[in-house]
Amino acid sequence: MTDEQRSGTSGGEAGTSGLSARALTALLLAAMFLFGLVRIAANVYSYIADRQGAGLATSPTIAWLLEGCSLVAWAVMMIPCWFSVRHIRPPRFGLAATAAIHALLAIPVSLGHIALMVAFRSATWWAIGNTYHFTSPDGSPLHYEMRKDVSAYVELVFILFLVQWLVARYAAAAAPAPPQRQMLAVGDGSVTHHLPVDEIEHVAAAGNYVEIAWKGQRLLHRATLSAIEAELAGAGFARIHRSRLARKAAIRRVVTQKSGDFDVEMDSGETLRGSRRYRPNIEG
């Protein structure tokens, strides 16, 4: 891997900016909540204008409490909505099936929102020494609220899907690139093999060629042992004899002879002779 690759855009979960996918999710959800505040501000002033137009008494504080409790209830309902959007979506389900399932889910989600909203309003009204009455302009508060909630649920599902898609794209872009395996091009007759270096067990000099042990095969490659040693520098190979290199990670055990020379047993079961001159190369 080059220095340019090491200092590139990969930064793990934190990405290039140091912002993790989880932090990005929290930031986007906070932005959604702020958008909700803007929406309820519009609803509050519409409510006040409608009440004043009908000649009814209006309290801005009550208007804000009404809409605020609804917003908090939606914030709570966002939790099951988040998981429903995560699991009920293409390609896991077809587009038509996804739309149908979410259409059915709109009913329990709306009922949950209404129950929480009424509970929050009742508790708030009790805290200010008053009593909350669940009413609506058309005399059917449950139908009135569910009618509004369906459009709100459609909007929420779309926004949550967009948030999850953006976070997934960000996480994929920020994920570190998988390490590239070092390859060695070996010309063996009319065939050129591209061998993963970490699969080569050992290399031996053979006249004007080198013999490469790879997955139980012996491949002849026209090169000197010194040239191959230079090409494999940094890949964990050590010279154990003037005519042989061995990959240190493939050495199972080392047996030292009385002369100081040694034998190395490889993962394949093959035993190679090593010279005492090169013993320090495989130590440590």
Side-chain angles (χ1 to χ4, degrees), residues 1-23 168-284:
M1 183 178 291
T2 65
D3 291 338
E4 183 179 355
Q5 288 173 313
R6 292 191 186 96
S7 60
T9 58
S10 63
E13 186 184 0
T16 56
S17 64
L19 185 68
S20 67
R22 183 174 298 179
R169 290 291 298 270
Y170 175 84
Q180 294 184 348
R181 299 177 76 180
Q182 184 179 349
M183 309 295 286
L184 180 67
V186 176
D188 184 27
S190 61
V191 179
T192 299
H193 301 272
H194 294 274
L195 309 183
V197 168
D198 57 7
E199 293 180 357
I200 296 173
E201 189 172 77
H202 56 88
V203 183
N208 294 327
Y209 292 81
V210 291
E211 184 182 69
I212 298 175
W214 173 68
K215 287 189 171 182
Q217 302 181 53
R218 292 292 192 273
L219 304 177
L220 284 176
H221 177 54
R222 190 173 181 84
T224 65
L225 189 64
S226 296
I228 290 295
E229 183 177 21
E231 193 167 354
L232 297 179
F237 283 79
R239 189 183 285 260
I240 62 172
H241 191 275
R242 63 183 179 85
S243 61
R244 191 180 302 276
L245 304 173
R247 183 164 57 87
K248 291 193 288 185
I251 296 176
R252 184 181 299 169
R253 66 174 183 166
V254 179
V255 179
T256 304
Q257 306 298 330
K258 291 182 179 179
S259 64
D261 292 340
F262 57 94
D263 294 327
V264 293
E265 183 180 325
M266 308 301 291
D267 283 339
S268 63
E270 186 174 359
T271 299
L272 308 176
R273 175 55 58 91
S275 171
R276 60 182 176 181
R277 173 185 173 187
Y278 299 101
R279 179 60 187 265
N281 292 345
I282 61 172
E283 293 178 345

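Just so it is clear, the structure is predicted and the values come from calculations on it, not from any experiment. Just so it is clear, the values below take in all heavy atoms, side chains as well, and ignore hydrogens, waters and symmetry mates.
No side-chain heavy atom of V197 sits less than 4.5 Å from a side-chain heavy atom of E231.
The shortest heavy-atom contact between A185 and T192 is CB-CG2, 4.4 Å. The shortest heavy-atom contact between A235 and Q182 is CB-OE1, 3.7 Å. Of all non-hydrogen atoms in I212 and L184, the two that sit nearest each other are CD1-CD2, 4.1 Å. Here the closest non-hydrogen pair linking I200 and W214 is N-CD1, 4.2 Å. Considering all non-hydrogen atoms of both residues, A223 and V210 come closest at O-CG1, 3.4 Å. What you find for D261 and G274 is that their closest heavy atoms are CB-O, 3.4 Å.
With E229 as the partner, the salt bridge (Lys or Arg N to Asp or Glu O under 4.0 Å) test is satisfied by one option alone out of R247, R244, R239, R242: R239.
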(Q) Using the rule given for side-chain contact (heavy atoms from CB on, under 4.5 Å), can you reason through L219 versus L195, listing the C-alpha separation, both sets of side-chain angles and the distance that settles it, and then say yes or no? (A) CA-CA 10 Å; L219 304 177; L195 309 183; 3.8 Å; yes

Q: Please lay out, stage by stage, how T271 and E265 fare under the test side chain to side chain donor-acceptor pair (under 3.5 Å).
A: CA-CA 4 Å; T271 299; E265 183 180 325; 5.2 Å; no

Q.
Would E270 and H202 count as a side chain to side chain donor-acceptor pair (under 3.5 Å) here? Give the steps.
A. CA-CA 10 Å; E270 186 174 359; H202 56 88; 3.1 Å; yes

Q. side-chain contact (heavy atoms from CB on, under 4.5 Å) between I228 and F237: does it pass, once the steps are laid out?
A. CA-CA 10 Å; I228 290 295; F237 283 79; over 6 Å; no

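For R273 and F262, the positive end is not near the middle of the six-membered ring at less than 6.0 Å and at most 45° from its axis.
Looking at residues two or more places apart in sequence or on another chain, you find a side chain to side chain contact (heavy atoms under 4.5 Å, CB included) between Q257 and V255, S259, D263.
Rounded to the nearest 0.5 Å, atoms CG (L245) and CG (L225) are 4.0 Å apart.
Remark: the H221 side chain and the E211 side chain contain no N/O donor-acceptor pair separated by less than 3.5 Å. Looking at T256 and R276, their side chains never bring a donor and an acceptor atom within 3.5 Å of each other.
Remark: side-chain polar atoms of S275 are not paired, donor with acceptor, to backbone N or O of Y278 under 3.5 angstrom.
The pair E201-K215 fails the salt-bridge criterion, with no side-chain N (NZ, NE, NH1 or NH2) lying under 4.0 Å from an Asp/Glu carboxylate O.
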